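Bear in mind the structure is a predicted one, so any value in this text is a computation, not a measurement. For this chain, numbers begin at 1 and follow the sequence in order.
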Amino acid sequence: QAESQSDENGKGESQGDQSKIPAEVLETIVKELLEEVREGLIELDFHDGSVIIRIREHGSFSSGGADVNSSFVPVIDRIGAVLERLEGPITVSGHTDNVPARGDRFRSNWDLSALRSASVAHELLAASAIEPWRLSVMGKADTEPLADNSTVAGRARNRRVEISINLNKDPGLRPVF
């Protein structure tokens with residue numbers, strides 16, 4: 001597993017095993033998404049030839065909602081602009097804490113996590129040149145926590161959407177003209 005590292009503000013910038021990803025690709029991803037990382041909106045993780053862009057709960061969705069907040073759309077648009085220049089399959093995974101989803105809209109955290117990941121995927125497709133066949137969407141509910149669900153901070157960390165791109169087959173950047 002990748003280990004998280006934090007910058008001086010406790011926000012993750014780049015973590016994990018970067019050895020299978022070319023330096024040029026790492027540098028480009030970090031440079032283009034650095035503002036969002038510094039603002040605490042996303043985290044970047046690098047693990048086993050994959051790049052993971054972790055969308056934190058902060059501002060991305062309303063509490064208990066599955067639609068991307070309009071104020072967060074520009075962040076996803078910037079992520080899409082980076083991903084469209086990379087080769088490889090992209091997986092969008094929704095994650096929740098262990099507090100059961102409330103209301104009539106979701107039967108469970110499975111529904112909420114799947115719909116959140118689908119919302120992010122739709123925005124990626126709407127705002128970029130990513131081909132739909134490259135995307136897959138997964139709802140993970142509370143099955144892969146990053147932190148302890150017994151604390152408010154832990155539950156907040158576990159509510160996220162992760163966008164991962166597997167660069168093992170072709171880790172290059174495509175030139176954009």
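Residue pairs meeting the salt bridge (Lys or Arg N to Asp or Glu O under 4.0 Å) criterion with at least one partner in residues 135-144, sequence neighbours excluded, are K140-E144. Residue pairs meeting the salt bridge (Lys or Arg N to Asp or Glu O under 4.0 Å) criterion with at least one partner in residues 108-130, sequence neighbours excluded, are R107-D111. Pairs engaging residues 68-80 under the salt bridge (Lys or Arg N to Asp or Glu O under 4.0 Å) rule: E36-R78 [sequence neighbours left out]. Listed by first and then second residue, the side-chain hydrogen bond (donor to acceptor under 3.5 Å, both in side chains) pairs involving residues 58-75 amount to none (not counting sequence neighbours).
The shortest heavy-atom contact between F61 and A66 is CE2-O, 3.3 Å. Closest non-hydrogen pair, L112 versus G64, comes out as CD1-O, 4.1 Å. For the residue pair A114 and V137, the shortest heavy atom distance occurs at O-CG1, 3.9 Å. Closest non-hydrogen pair, F72 versus G59, comes out as CB-O, 3.6 Å. Taking all atoms of both residues into account, the shortest heavy-atom contact from A121 to L135 is O-CD1, 4.0 Å. Contact between S117 and G94 at its shortest, heavy atoms only, is CB-N, 3.4 Å.
The distance from the CD1 atom of I79 to the CG atom of L33 is 6.0 Å, given to the nearest 0.5 Å. Remark: F106 CZ to L115 CG distance equals 5.5 Å, nearest 0.5 Å. Taking CZ from R157 and NE2 from H95, the interatomic distance works out to 11.5 Å, rounded to the nearest 0.5 Å. Rounding to the nearest 0.5 Å gives a distance of 14.5 Å between CZ of R160 and CD1 of I53. Interatomic distance, I90 CD1 to L83 CG, rounded to the nearest 0.5 Å: 4.5 Å. Taken from CZ in R85 to CD1 in I130, the straight-line distance is 12.0 Å, to the nearest 0.5 Å.
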* What do the steps show when you test V25 against F46 for side chain to side chain contact (heavy atoms under 4.5 Å, CB included), and what is the final call? -> CA-CA 11 Å; V25 173; F46 306 96; over 6 Å; no
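Cluster annotation: L146 is not connected to I42 through the hydrophobic network of ILVMFWY side chains, with a link wherever side-chain heavy atoms come within less than 4.5 Å. Hydrophobic clustering (side-chain heavy atoms under 4.5 Å, transitive across Ile, Leu, Val, Met, Phe, Trp, Tyr) groups V30 together with I21. Note: the hydrophobic cluster containing I55 also contains V73 (ILVMFWY, side chain heavy atoms under 4.5 Å, direct or indirect links). At a threshold of 4.5 Å between side-chain heavy atoms, the hydrophobic network of Ile, Leu, Val, Met, Phe, Trp and Tyr places I52 and L86 in two separate groups. Taking hydrophobic clusters as Ile, Leu, Val, Met, Phe, Trp and Tyr residues chained together by side-chain heavy-atom distances below 4.5 Å, V92 shares a cluster with L125.
Remark: R155 pairs with no residue by the side-chain hydrogen bond (donor to acceptor under 3.5 Å, both in side chains) rule, at least two apart or across chains. By the side-chain hydrogen bond (donor to acceptor under 3.5 Å, both in side chains) test, R159 pairs with E57, D97, sequence neighbours left out.
R56 has its side chain out of reach of V161: every pair of non-hydrogen atoms, C-beta onward, lies at least 4.5 Å apart. Within the 4.5 Å cutoff, the side chain of V37 has no heavy atoms near those of the E43 side chain.
Side chains of S50 and D48: a donor-acceptor N/O pair is absent below 3.5 angstrom, by distance only.
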